[in-house]
There are 2 protein chains.
Amino acid sequence: MLTDTIHIAIVEDDNEIRQTLQLILDGSAGFACKFAFADAESAIASIPDLPVDVVLMDIDLPGKSGIEATRELRKRIGEIDFIMLTVQSDDDSIFESLCAGASGYLLKDTNPADLLVHIKEVHEGGSPMSSQIARRIINSFRIIDNPLSDRETEVLKLLSQGLNYKDVAETMFLSPHTVKTHIKNIYSKLHVNNRAEAIYKAIKQKLI
Amino acid sequence: MLTDTIHIAIVEDDNEIRQTLQLILDGSAGFACKFAFADAESAIASIPDLPVDVVLMDIDLPGKSGIEATRELRKRIGEIDFIMLTVQSDDDSIFESLCAGASGYLLKDTNPADLLVHIKEVHEGGSPMSSQIARRIINSFRIIDNPLSDRETEVLKLLSQGLNYKDVAETMFLSPHTVKTHIKNIYSKLHVNNRAEAIYKAIKQKLI
DNA sequence: AAATCAATCGCTCTTATGGGGTATTTTCAG
DNA sequence: CTGAAAATACCCCATAAGAGCGATTGATTT
């Protein structure tokens, strides 16, 4: 944007919340909130042509969801930041929102003062979210349990880099036969019978 | 823990930081910090037997890293929360830390008052992290761009399930030749030359 | 002391894979 | 309407991969 003012748009179906929010935001120094939409469709149609820095997006909208709207708007305009607002945070909508391109994820009961801080954070390249929501995201990084031995994991990592038996053997200073044995054991432990599926499963289970 | 007091341990090699931190934490109401270690090895040896709720773990330790220490301690004790402390945040150490089981990730310049708040948050099931760090994590959910066509993506998904040429062809009602052509195009687009690497790259780029 | 598991090395055989081509039809955007 | 991209189909050939066998050594655990 041209000025220091952060230009905000709101997408929220509840009239009272939307109007109140708009009043508060537009009345705060350094912030402008001239645009507010009650549904995803009108937001998708208008926002691409508006001078907006940050969009506050309600997730539970009638018709198309806020996540859908974020996804579609993101495709067309990369420079806008989206902060999802929701009453309750379930894992699925958190991850869907993030994949759709949301930069922040806040609960609706966030008080206006904090909201302003968070909007500023987003605009400065941060990703505000409550500590609880962060934990859920972090938990998605956790490793469930690793049936593979250290050597097997090493082998699998090299395989995922595209190396073949011989190359893995050379890299690990092993006989190709040993590598083959490791691979067979990997397949057996992961209950797969080829490389492709082994790597897929291993990544999904965060083994490599 | 038995009481309302949150019991903290520090792992930090810088003597001054460690001692200062311990003094501040142990002197704060509701917090106790009776244990501090200067290296990963002694922390790993002692912490499993100590009554500790939250560990503040420096990442850059001499010898074994704080990430390693977290990983090993996590394996043995599930109930302790780890907050990583670091001077600078590079993407790799953030993700490694999360995978190792860290619950929070803070910069060392966090002021003591905030640190206490964050320790409390972790202990209550949250995951405190700066807005900037959160953004990096969130960005890891983004899809960069998908060079693959729909059919190619379909083929790759089936390959990742362990299907071979023939099976993919049957599943998609195609000639095996066509499947082969798709696979060759996939390899070319992803700049790989075998299935393993293709699947690895595709998953890392969230194409499948 | 026994048992288990990881890590190492070896063999044979069939089949799948990947690289090198070529070519037609359909679809979609400019 | 036209041209590019996608989707479809086919050939040959050398090699890698996977299945099915067996075997020794050294830790760790019980």
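Lettering of chains follows the sequences in order, A, B, ..., and the numbering in each one begins at 1.
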Do we see a donor-acceptor contact under 3.5 Å between the side chains of Ser149(B) and Glu152(B)? yes
What is the distance, to the nearest angstrom, from the CG atom on Asn185(B) to the P atom on dG20(C)? 13 Å
Using a heavy-atom cut-off of under 4.0 Å over every strand shown, decide if Asn194(A) touches base, sugar-phosphate, or nothing. sugar-phosphate
Are OP1 or OP2 of dC9(C) and a side-chain N or O of Thr178(A) less than 4.0 angstrom apart? yes
Under 6.0 Å from the NZ atom of Lys108(B), do we count more than 12 heavy atoms belonging to anything else shown? yes
What I want to find out is whether Asp58(A) reaches Arg18(A) closely enough, with some N-O distance under 4.0 Å, to be called a salt bridge. no
Hey, which sits more toward the 5' end of DNA chain D by its nearest nucleotide, His182(B) or Tyr187(A)? His182(B)
Report yes if a side-chain nitrogen or oxygen of Lys180(A) is closer than 4.0 Å to either non-bridging phosphate oxygen (OP1 or OP2) of dC9(C); otherwise report no. no
Write down the distance between CG (Leu159(A)) and C1' (dT17(C)), rounded to a whole number of angstrom. 15 Å
Roughly, in whole Å, what's the span from CG in Asn164(B) to P in dT14(C)? 18 Å
Residue whose nearest DNA chain C nucleotide is more 5′ - Ala196(B) or Lys189(A): Lys189(A)
Would you say Tyr105(B) and Ser93(B) are linked by a side-chain donor-acceptor pair, where the criterion is simply a distance under 3.5 Å? yes
Leading and trailing nucleotides of DNA chain D with any atom under 4.0 Å from heavy atoms of chain A: dA16(D) to dC21(D)
What is the separation between atom CG on Leu163(B) and atom C1' on dA16(C), rounded to the nearest whole Å? 13 Å
Would you mind checking if Glu72(B) and Lys64(B) are paired as a salt bridge, meaning a charged N to carboxylate O distance below 4.0 Å? yes
What is the distance from atom CG of Leu159(B) to atom NE2 of His182(B), rounded to the nearest 0.5 Å? 11.0 Å
The residue, His177(B) or Asp150(B), whose nearest nucleotide of DNA chain D is more 5′ is Asp150(B)
What is the distance from NZ of Lys166(A) to P of dC9(C), rounded to the nearest Å? 17 Å
Could you verify whether a donor N or O on one side chain and an acceptor N or O on the other, from Ser42(B) and Asp39(B), lie under 3.5 Å apart? yes
Rounded distance in Å - CD (Glu197(B)) to C1' (dG18(C)): 13 Å
Under 4.0 Å: is that the gap between some side-chain N or O of Ser175(A) and OP1 or OP2 of dG10(C)? yes
Using whole Å, report how far CG of Asn193(B) lies from P of dG19(C). 5 Å
Nearest listed nucleotide, side chain of Leu174(A), among dT8(C), dT12(C), dG18(C): dT8(C)
Does Lys184(A) have a side-chain nitrogen or oxygen under 4.0 Å from the phosphate oxygens OP1 or OP2 of dG10(C)? no
Roughly how many Å is it from CZ in Arg151(B) to C1' in dT27(C), rounded to a whole number? 14 Å
